[in-house]
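Here is the structure we will look at.
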Amino acid sequence: MLSNSCETKPVSVAVVKPSANAALAGRLLGREVNFPAGLLGFPDCRRFALASLDVGTEQPSPFFVLSCRDREVSFLVIHPDLLVQNYCLPLPNEVLGRLGIGSECQVLPLLIVTARERIKAITVNLQGPLAIGIDSGIGVQLVVEEYPLRYPLIVK
Amino acid sequence: MLILSRRAGESITIGEDIVVTVVSVGGNHIRLGISAPREVRVLRDEIVQAIKDENHAAANAADDPRRLADVVKQLRDKASERSGS
């Protein structure tokens, strides 16, 4: 239903199928990422750095860490492709404009992970995804009401 | 907070180009029509508040790499379980 609702959006609404740009995260590593409006609830967190998260396991971790440079706060994030199929980000032209880019192909979507006491209770926020312009390094937290706020990281 | 009384069909204008119209009133339910430029995000407040709360709950989740190593292992186990089945 969700992917259908994405596909049936008007022409001005571009939809990202992120499988095509999973590798693009690498292009943002080590660069400053700016969220001009901050994140929701963190309006003063504007300058961030994206880093891979190495937790010392044999295989690479699927996570990245988005660390704020304005204050001591960071977020654990994951690319939607590693979690769900057909997650699509509605990107109308005004959002592309805010990200300073011309095409939805240049957007890196990331989802924020919420840690919980029990590992199986850890959730990922599909409702408030981050969209980052690869070339511009500008990001915004979107609100996609149709998606769940708490989606399990480890699906039974 | 500015408080205004409006009847169904009446509107208020915010700034230059945002118009909020009371479409209908019934019981404790009000339908609003909002006309705003496309770049203005119009969202239900409880959704925004829930995401703010979730962001606060999510902050600094990467501070415990040892625990995250367990998380990564469980994810791998789950993935291999699935591909094996």
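Chain A is the first sequence line, chain B the second, and so forth, proteins listed ahead of strands; every chain is numbered from 1.
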Stepwise, does the salt bridge (Lys or Arg N to Asp or Glu O under 4.0 Å) test hold for B:Glu39 with A:Arg98? CA-CA 9 Å; B:Glu39 66 271 18; A:Arg98 282 167 69 187; over 6 Å; no

Could you go through A:Leu76 and B:Leu68, starting from their C-alpha distance and side-chain angles, then the distance that decides it, and tell me whether this counts as side chain to side chain contact (heavy atoms under 4.5 Å, CB included)? CA-CA 10 Å; A:Leu76 185 65; B:Leu68 285 172; 3.6 Å; yes

Evaluation steps, side-chain hydrogen bond (donor to acceptor under 3.5 Å, both in side chains), between A:Glu72 and B:Asn60: CA-CA 9 Å; A:Glu72 281 280 308; B:Asn60 304 323; over 6 Å; no

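Here the straight-line distance linking atom CG of A:Leu40 with atom NE2 of B:His56 works out to 9.5 Å at 0.5 Å rounding. The distance from the CD atom of A:Gln141 to the NZ atom of B:Lys52 is 10.5 Å, given to the nearest 0.5 Å. The line from CG of A:Leu39 to CD1 of B:Ile51 is 11.0 Å long, rounded to the nearest 0.5 Å.
Neither the backbone nor the side chain of A:Ser67 has a heavy atom closer than 4.5 Å to any heavy atom of chain B. Of the two parts of A:Ile112, only the side chain, counted from C-beta on, holds a non-hydrogen atom closer than 4.5 Å to a non-hydrogen atom of chain B. With a 4.5 angstrom heavy-atom cutoff, B:Asp70 touches chain A via backbone and side-chain atoms both. With a 4.5 Å cut-off on non-hydrogen atoms, A:Leu153 touches chain B through its backbone and its side chain both. Both the backbone and the side chain of A:Ile119 come within contact range of chain B, judged by heavy atoms closer than 4.5 Å.
When the side-chain contact (heavy atoms from CB on, under 4.5 Å) test is applied to A:Arg71, the partners found at least two apart in sequence or on another chain are A:Phe42, A:Asp44, A:Cys45, A:Cys68, A:Val73.
One finds a salt bridge joining A:Arg116 and B:Glu54 here, because a Lys/Arg side-chain nitrogen approaches an Asp/Glu carboxylate oxygen to under 4.0 Å.
Ranked by heavy-atom pairs shorter than 4.5 Å toward chain A, the options B:Arg66, B:Gln49, B:Arg67 are led by B:Arg67.
Of all non-hydrogen atoms in B:Asn55 and A:Phe75, the two that sit nearest each other are O-CE2, 3.3 Å.
By the rule that hydrophobic residues join a cluster once side-chain heavy atoms approach within less than 4.5 Å of another member, A:Val84 and A:Ile122 end up as members of one cluster. Hydrophobic clustering keeps A:Leu149 apart from A:Ile78 (ILVMFWY residues linked when any side-chain heavy atoms are closer than 4.5 Å, directly or through intermediates). Connection of B:Val48 to B:Val40 is not established within any shared hydrophobic cluster, with ILVMFWY side chains joined at heavy-atom distances below 4.5 Å, either directly or through further cluster members. When hydrophobic clusters are built by joining Ile, Leu, Val, Met, Phe, Trp and Tyr residues whose side-chain heavy atoms come closer than 4.5 Å, directly or via intermediates, A:Val65 is grouped together with A:Leu82. B:Ile3 and B:Ile30 fall into different hydrophobic clusters, where Ile, Leu, Val, Met, Phe, Trp and Tyr side chains are chained together by heavy-atom contacts under 4.5 Å.
Within 6.0 Å of CD in B:Glu46 there are more than 12 heavy atoms belonging to other residues, nucleotides or ligands.
Of residues 126-133 of chain A, those residues lying under 4.5 Å from chain B by any heavy-atom pair are A:Gln127, A:Gly128.
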